[in-house]
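Quick one: this structure, given as C-alpha cells, is what I'll be asking you about.
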There are 2 protein chains.
Amino acid sequence: MKVSTRGEYGVRAMVALARHYGEGPMSITDIARVSSVPPAYLEQLIAPLRRASLVQSKRGARGGYILARAPEQVRIGEIYRVMEGPVAPMDCVSENLADQTCPLIDNCETRPVWLKMRDSIVDVLDSTTLADLIAPSTKVPRELPVSRTA
Amino acid sequence: MKVSTRGEYGVRAMVALARHYGEGPMSITDIARVSSVPPAYLEQLIAPLRRASLVQSKRGARGGYILARAPEQVRIGEIYRVMEGPVAPMDCVSENLADQTCPLIDNCETRPVWLKMRDSIVDVLDSTTLADLIAPSTKVPRELPVSRTA
DNA sequence: TGCTAACCTTCCGTAACACTCGGGTCAACC
DNA sequence: GGTTGACCCGAGTGTTACGGAAGGTTAGCA
C-alpha cells in the first residue's frame, strides 16, 4: 500500500510554494528544481491543484504559481485528496460513499480494521498543515541502522 | 493508496480459520466459499501464510489448514505484512530500513507526515487481533448515504 | 490402490503508473 | 507589435504490478 508519486510530488511542490509564499509567482521550472520533480511531469500534476483552487496561476512572462491561501490554511489532506482521490485504504471504507460497493459490506468482519485505518490516516493528514511542515522544528531524524560498533 | 486483494483476502481467510478454530482442518474450497475468495487464487495466497507459520497445513484426504495459534495471539499486522510486505505508505518511511533509499531523506520537509501516517497505520494493525474481529460486538454499521426522503 | 487435497511453477491479460512530447495560448516587455 | 517566457492541454509509451487461471506433482487417508 503506497501513495503514488502524484501524492509525493504534489505535497513536495506545495511545500516549495509555501516556502516561497509572499514572494510572488514561482515558475514550474523553479518549483521542479527545488522539489526534485521532473518538470514536464510536474506541469501535469500542478493542473489539478489549480483546478482545486489550492494554487493560483499567472500566465505570460514572469508568470508562475502562487499558493492560493496562507500555509497555515492548507491541510495536507486537501493536497492528498486532489492528487490521490478520496482516502480509502480499501473501497469498502472510502471517504466517497459511492465507492463502497462491496456486497459483503454489511456483515463483513474485517471491515472494522480498515475503517480504523482510514480514520487514523485521515486524522494525520487533516491535522497537519503546510505551515507545520516548513517550521524548522518538524524535521525528524531517520531511524539509524543497527550500530555495528567495535 | 489501496491495500491490494492479497491483504484483503488474506485477512478474510484468516478470519474464516479463526471462526473454525478448534474444529479441525478446513480445506481451501471451504475457506474460499466462506470468505468469498476465488479458490485458485486463495491457494496462492495461503502459501506465504503457511511459510510464515501463521497457519499449519495437513495434506491428503480430510486435510486442510488450521490456525497455528489461537485467534487472540494473531495480530492483523502479522497477516498484513506477510501479504503486503512491510508497512510503508512511502519508501522513505518503510518499516524495512533497507527500502529507505531516497537521497533527499535527510532534509526532506515532507517526510514527517508520512512517518506519522505509517506509525498510525502500524498502531491500528498491531493493536487488533483475529479474536477482536470475530467478536460479535465489533461489527460497525456502514455510514448511510444522504437520505432522499419524499 | 484409489481418491482427496495440499503443493508448486508458469503463464497471461489488463490496468495503472510515471513519465515524455508537441503544440497551443496568453501576458509582459522592449 | 512582435518576440519571448511561461502556462495550458492532450496524446502517446514503456514498465510494472495486479488478479487471477492452468496444469502437473506429492502426500495422506480409507
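The analysis underlying the following values was restricted to heavy atoms, covering all of them including side chains, and did not include hydrogens, waters or symmetry mates.
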Roughly how many Å is it from CZ in B/R50 to P in C/dA5, rounded to a whole number?
17 Å
Using a 4.5 Å cut-off on heavy atoms from C-beta on, say whether the side chain of B/L49 contacts that of B/M83.
yes
Quick check: closest heavy atoms across B/T129 and B/E72, and the distance to 0.1 Å?
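Of all heavy-atom pairs spanning B/T129 and B/E72, the closest is CG2-O, 3.5 Å.
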Straight-line distance of B/Y9 OH to B/T5 OG1, nearest 0.5 Å
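B/Y9 OH to B/T5 OG1: 5.5 Å, rounded to 0.5 Å.
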Send over the distance from B/M1 CE to C/dC17 C1', rounded to a whole Å.
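My rounded result for the distance is 16 Å.
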A/R111 side chain vs A/C92 backbone, donor-acceptor pair below 3.5 Å
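Here the side-chain-to-backbone pair exists.
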Rounded to whole angstroms, how far apart are CG on B/L45 and P on C/dC7?
14 Å
In the 5'-to-3' direction, what one-character label does each nucleotide of nucleotides 19-30 of chain C receive under the scheme B = base within less than 4.0 Å of a protein heavy atom, S = sugar-phosphate only, - = no such atom?
BB---BBBBS--
State, yes or no, whether a side-chain contact exists between A/V34 and A/M26 at a heavy-atom distance under 4.5 Å.
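Heavy-atom side-chain distance check passes, below 4.5 Å.
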Selection residues 77-94 of chain B - residue pairs positive for salt bridge (charged side-chain N to carboxylate O under 4.0 Å, His left out), sequence neighbours left out
A/K2-B/D91, B/R69-B/E78, B/R81-B/E95, B/R81-B/D126
Nucleotide C/dC17, atom C1' - distance to NZ of A/K2 in whole Å
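Computing the A/K2:NZ to C/dC17:C1' distance gives 13 Å.
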Once side chain to side chain donor-acceptor pair (under 3.5 Å) is applied, what residue pairs with a partner in residues 46-68 of chain A remain, sequence neighbours excluded?
none
With a 4.5 Å cut-off on side-chain heavy-atom distances among I, L, V, M, F, W and Y, is there a chain of contacts connecting A/I66 to A/M14?
no
Using chain A heavy atoms and a threshold of under 4.0 Å, write down where along DNA chain D the contacts begin and end, 5' to 3'.
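So the contact region on DNA chain D extends D/dG5 to D/dA11.
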Can you see which heavy atom on B/I121 is nearest to which on A/M117, and at what distance?
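Where B/I121 meets A/M117 most closely, the heavy atoms are CG2-CE, 3.9 Å.
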Suppose we screen for salt bridge (charged side-chain N to carboxylate O under 4.0 Å, His left out). Which residues come up paired with B/D30, at least two apart in sequence or across chains?
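Listed in chain order: B/R33.
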Any residue in residues 20-37 of chain B with a heavy atom nearer than 4.0 angstrom to DNA chain D? Just list them by number, or reply none.
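Under 4.0 Å from DNA chain D: no residue of residues 20-37 of chain B.
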Taking atom C1' of C/dC7 as reference, at what distance in whole Å does atom CD1 of B/I46 sit?
12 Å
Testing the basics here: between A/A13 and A/I31, what is the closest heavy-atom pair and its distance to 0.1 Å?
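The pair with the smallest heavy-atom distance is CB-CG2, 3.9 Å.
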Separation of atom CE in A/M83 from atom P in C/dA18, rounded to whole Å
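These atoms are roughly 11 Å apart.
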